[in-house]
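Working notes for the structure below.
This chain uses plain numbering: 1 for the first residue, then up along the sequence. Please read all numbers here as calculations on a predicted model, not as lab measurements.
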Amino acid sequence: QVQLVESGGGLVQAGGSLRLSCAASGRTFSSYVMGWFRQAPGKEREFVAAMLRSGSNTYYADSVKGRFTISRDNAKNTVYLQMNSLRPEDTAVYYCAARASIAVFTTVDKYDYWGQGIQVTVSS
């Protein structure tokens with residue numbers, strides 16, 4: 001069982017930056033593929049970024065590529081999402097997710113554990 005807790009969200013102006021953190025419980029954090037998803041009002045939850053257990057490979061949605069960076073610190077059981085050049089369309093609730101796997105997945109149904117979500121609002 002893994003529990004995930006997100007932090008770092010808030011309100012920022014367009015062009016600004018935020019860094020989300022996701023702290024995971026348990027001693028097997030390094031065994032999990034970690035992902036970030038987001039859900040805007042009236043829309044389905046969508047993939048944002050994911051990272052392999054070792055941190056050697058990262059994957060991004062086209063909409064955030066070049067602006068967002070996922071990273072992890074296995075010693076701290078934490079995964080991060082650095083978000084730069086934020087746009088109003090990035091406004092959403094952001095979720096951290098985990099899956100015990102050696103492969104990365106980009107769909108909601110493949111992840112076993114989810115955080116409670118954190119609001120990110122980008123004003124124009």
Find out whether Leu11 and Gln119 are in side-chain contact, i.e. whether some heavy atom of one side chain is under 4.5 Å from a heavy atom of the other.
no
Arg53 and Met34, any side-chain heavy atoms less than 4.5 Å apart:
no
Met83 side chain reached by Val120 side chain, heavy atoms, under 4.5 Å:
yes
Are any non-hydrogen side-chain atoms of Gln116 and Glu6 less than 4.5 angstrom apart?
yes
Linking Ile, Leu, Val, Met, Phe, Trp and Tyr by side-chain heavy atoms under 4.5 Å, what else ends up with Phe47?
Val33, Phe37, Leu52, Tyr59, Val93, Tyr95, Val104, Phe105, Val108, Tyr111, Trp114
Can you confirm whether Thr78 sits close enough to Cys22 that some side-chain heavy atom of one is under 4.5 Å from a side-chain heavy atom of the other?
no
Using modelled atom types only, decide if a donor and an acceptor are shared between the side chain of Ser25 and the backbone of Gln3 within a distance under 3.5 Å.
yes
In sequence, state the C-alpha distance, the side-chain angles, and the governing distance for Lys76 and Phe29, and then conclude on side-chain contact (heavy atoms from CB on, under 4.5 Å).
CA-CA 9 Å; Lys76 295 183 177 180; Phe29 176 76; over 6 Å; no
Backbone of Val122 reached by a side-chain donor or acceptor of Thr91 within 3.5 Å
yes
State the CD1-CG distance between Ile70 and Asn57, to the nearest 0.5 angstrom.
11.5 Å
Answer yes or no: is there a side-chain heavy-atom contact under 4.5 Å between Thr58 and Tyr60?
yes
Using the rule given for side-chain contact (heavy atoms from CB on, under 4.5 Å), can you reason through Val64 versus Trp36, listing the C-alpha separation, both sets of side-chain angles and the distance that settles it, and then say yes or no?
CA-CA 11 Å; Val64 307; Trp36 286 96; over 6 Å; no
May I have the step-by-step check of side-chain contact (heavy atoms from CB on, under 4.5 Å) for Thr69 and Leu81, ending in yes or no?
CA-CA 6 Å; Thr69 302; Leu81 185 68; over 6 Å; no
By side chain to side chain contact (heavy atoms under 4.5 Å, CB included), which residues pair with Ser7, not counting sequence neighbours?
Ser21
Could you list all the salt bridge (Lys or Arg N to Asp or Glu O under 4.0 Å) pairs where at least one residue sits in residues 29-51, not counting sequence neighbours?
Arg38-Glu46, Arg38-Asp90
Do Arg72 and Tyr32 form a cation-pi contact, if we require the NZ or CZ to be under 6.0 Å from the six-membered ring centre and within 45 degrees of the ring's axis?
no
Once rounded to the nearest 0.5 Å, what's the spacing between atom CD1 of Ile102 and atom OG of Ser54?
11.0 Å
Mind checking whether Tyr80 and Leu20 sit in one hydrophobic cluster, side chains of I, L, V, M, F, W, Y counted as touching below 4.5 Å?
no
Do Tyr94 and Gln39 come within less than 4.5 Å of each other through their side chains, counting heavy atoms only?
no
Ala14 and Ser124: which non-hydrogen atoms are nearest, and at how many Å?
CB-CA, 4.4 Å
Verify side-chain hydrogen bond (donor to acceptor under 3.5 Å, both in side chains) between Asn84 and Ser17, making sure each step is shown before the conclusion.
CA-CA 4 Å; Asn84 298 329; Ser17 298; 2.9 Å; yes
